[in-house]
Every structure is written in structure tokens, then in C-alpha cells.
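Following: one structure in C-alpha cells, then a few remarks.
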Amino acid sequence: MERARSFLQSPTYDNVITVLSIDGGGIRGIIPGTILSCLESELQRLDGEEVRIADYFDVIAGTSTGGLVTAMLTAPNENGRPLFAAKDINDFYLKHCPKIFPQDCIPIFGGAAETIRSLVGPKYDGKYLSNLLKETLGELRLSQTLTNVVIPTFDIKLLQPTIFSSYEVRKNSSLDALLSDICTGTSAAPTYLPAHTFETKDSNGQVIREFNLIDGAVAANNPTLVAMNEVSKDINSGSRFSVTKRTYGRCLVVSLGTGTPKAHDKYNAVEAAKWGVLGWLSSHHSTPLVDIFTQASSDLVDFYLSTLLQALDSQNHYLRIQDDTLAETVSSIDIATEENLNELVKVGEALLKKPVTRVNLETGLQEPCHDDVTNEVAIERVAEILSRERKTRGEDRKAI
């Protein structure tokens, strides 16, 4: 356990700024769901059964499926406590994913039929997901979350990212949208689910702003850097000092990936050289364009953060848990069969037993950095830091 302490250290400047980030990845949200259940269980062992993830993090960020998990962890129920415990996330996915991504809508003709359908509309109509989010989140808005949240989306009318941030909504009421609309928007993966449009209105019912959103993964599938930027802006607005080293030195960052098949050579240049529009839209029972831009944005964030934190001697404040060895079917964002969903649970459980990894900045692959420290041990260490920080601030902690 002592080696774990030397690996994952508590930041030493003032209060710790605690950041949780969850990648996008469709049904693969089950993987971080498993990790979060482990973390919350450890926090409950330390501080009591009533505590929840939202009690410990100053900001929780999520893109696409990570945005859904973020809302589940931070949206309040009628008693002012989180709607979901972390242990309930996977049950939610196992129950609803087969209806969000119904496999019976995929005809026996396979890839050709999928390609034709992708030319005339999204693979799924999105109605079940939209109705589910409205029913689950009701009239709750961004400003009502129990801790700060950051959920990236992309506005196709403006052709730029739109970041739904608790920090920004305090200054800009036009961002105070329904959580159900934000989650529907950030989950609208091109070719899979339809784009989502909605408006925010003032107290008189007048439209303040219109949104035309697709999946936030096209901008930030790994939203860690977006979250760090929001924290930096918030601190900088009240400080006359340079925030870079001070801010990153104070942060404890837990970044949860949803897995990737990269190490299994899903695509290659020989095949891709022959693709036209149809090939880029549908190959290997997937959508290469979607896979590429989501993987690229995730990796660039990990590269940048790893380099920056090493330069600032703060790499031991950053825990990235990711599996880049997924088999082809398991790496899908929408093959919501019972067998595949249960396999994702096993992937998450196995990931806890694997050594902590760090990205190799040359190859882009995750490599063990402490063979004797597993992700589960690292999560236990995170829980200790979070528990100690919460006690330092007091029960009525105020998020930074």
C-alpha cells in the first residue's frame, strides 16, 4: 500500500481541487460505471453508506454516455441527494440499452443494409432515449446539479462546441437548459442517433437561445481538459496570479475511459485506401469516421495532460483508467445484446485488477507504470484522499 501512496499523492497547495472525468462511448459507459461503483463503495467504507460520488468532487465532466453518467451522479432527487448511487449505473445500462439500441431493427442482410439506412437517416430513432431522459430527469436544470458539472456538446448550426458548465451558467442564464435536453444533445452520435434541437427561455417565456446539438465527442470525447479549463477560468477570474502551475498542482484528476480497440488493428490503410463515402460510414459493422474522431480527441487530451503534468511535476495527481485491448464486438458503442453488455461488466471488473497505466507518448498505447499497483489499489488511494479532503473542509463542503 505504501507504493500506492508514492504513486498517487495528495496535492499540497491549499484545498485539493477534485476533478472526475468520464469519456464518451455509448454502451461502453458500463466500464466507467463499474469503476465508479468501486470508488463509491470504498468511500462508503470510509465515511458511511449515505455518501455519494457527488459529495467528493468539485467538478464532474462527461461527454456523450459520460454526460449521462454525470447527470445521474449529480442530479438531485426530492431529498436533495443524487438520483443514482454509482452501483445503480450499470443496472440502468443493462436495463435500458437494449431498448435505446434495439438489435431487432438490424436486418439479416447485415452491413449493406446498415449502410443504406445510414444514407437516409440515423441508425436509431432516439425516441426511447429521449423519453427516458425526460422521465428520469424531469424539469431539473443545469443550475440545480449537486456539484459543478461540465458537459461538452457540438452545435452544428454554429459549427462550434457548446460547453454546458456550472461555472458558466452562473454568468450566462441562456445555458441553463434542462438536463434531459443536454444529455440528449451530447449523446447524439452522428449516424447513430438524431441531432437534437431545443431552446432556453426567460421567466416570461421568451426564447433566449436556440441549440442544435450533436454528440460532444466530435469536440471532446475525453472531457478532462475541458473541465480543467473551466476550473482555471473560474480561479483566474478572482486571482491576479498565473493559474497554470498553481491550478494543476492543486488538482486531483480521475479520468475514466470507456475502452478502445486500437491495439487490435480494427482498420488499416490498405482497406481505407479503397473506401469512398460508404466505406467511411460503414465498415467492420461500425462507422470509421465516428471511431476516428472520438479516438483522436480522447488520445490528444491524454497526450497533452500527461505531458503538461509531467512538466509541472504533477503527474502523480492524475489517474487515467483506460483499456485499449477491447475485442471488436465489445468495443462497439451500440451492440446492446445481453451477452455483450454482460461482457462489458466483466471488462470493467478485470480492468480494476490490471496495473495502473500511463500513455506512451510515442506509441499512444497504455503501458503499465507501476506493476505492483492495480487500478483497484489506486482507487482505494483516491478514496482516502477524497475522504480526507472532505473532512478537512467539513461536512458542509463547498465545491471550488
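Note that these values count all heavy atoms, side chains included, but never hydrogens, waters or copies made by symmetry.
- Of the charged side-chain nitrogens involved, none lies within less than 4.0 Å of a carboxylate oxygen, so that Asp176 and Lys201 do not count as a salt-bridged pair.
- Between Leu193 and Phe101, the closest side-chain pair of non-hydrogen atoms falls below 4.5 Å.
- In summary, Lys171 and Glu168 engage in a salt bridge, as defined by a charged side-chain N under 4.0 Å from a carboxylate O.
- If you check the side chains of Thr258 and Asp23, you find no donor sitting under 3.5 Å from an acceptor.
- The pair Glu384-Arg388 does not count as a salt bridge, with every side-chain nitrogen at least 4.0 angstrom from each carboxylate oxygen.
- With respect to Asp47 and Lys391, a salt bridge is recorded, a charged nitrogen being found less than 4.0 Å from a carboxylate O.
- Judged by distance alone, the side chains of Arg320 and Ser255 do bring a donor and an acceptor atom under 3.5 Å apart.
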Show me, pair by pair, the donor-acceptor contacts under 3.5 angstrom made by side chains of residues 344-357, not counting sequence neighbours?
{"unit_1": "Lys353", "atom_1": "NZ", "unit_2": "Glu376", "atom_2": "OE1", "d": "2.7"}
{"unit_1": "Lys354", "atom_1": "NZ", "unit_2": "Asp323", "atom_2": "OD2", "d": "3.1"}
{"unit_1": "Thr357", "atom_1": "OG1", "unit_2": "Gln366", "atom_2": "OE1", "d": "2.9"}

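- Listed by first and then second residue, the ring-ring contact (aromatic ring centres under 6.0 Å, His included) pairs that reach into residues 206-226 are Phe164-Phe211, Phe198-Phe211, sequence neighbours excluded.
- The list of salt bridge (Lys or Arg N to Asp or Glu O under 4.0 Å) pairs with a residue in residues 59-76, not counting sequence neighbours, is empty.
- Listed by first and then second residue, the salt bridge (Lys or Arg N to Asp or Glu O under 4.0 Å) pairs that reach into residues 219-228 come to none, sequence neighbours excluded.
- Applying the salt bridge (Lys or Arg N to Asp or Glu O under 4.0 Å) test to residues at least two apart or on different chains, the pairs with a partner in residues 32-43 are Glu42-Arg45.
- Among residues at least two apart or in separate chains, side-chain hydrogen bond (donor to acceptor under 3.5 Å, both in side chains) pairs with a member in residues 77-87 are Asp55-Arg81.
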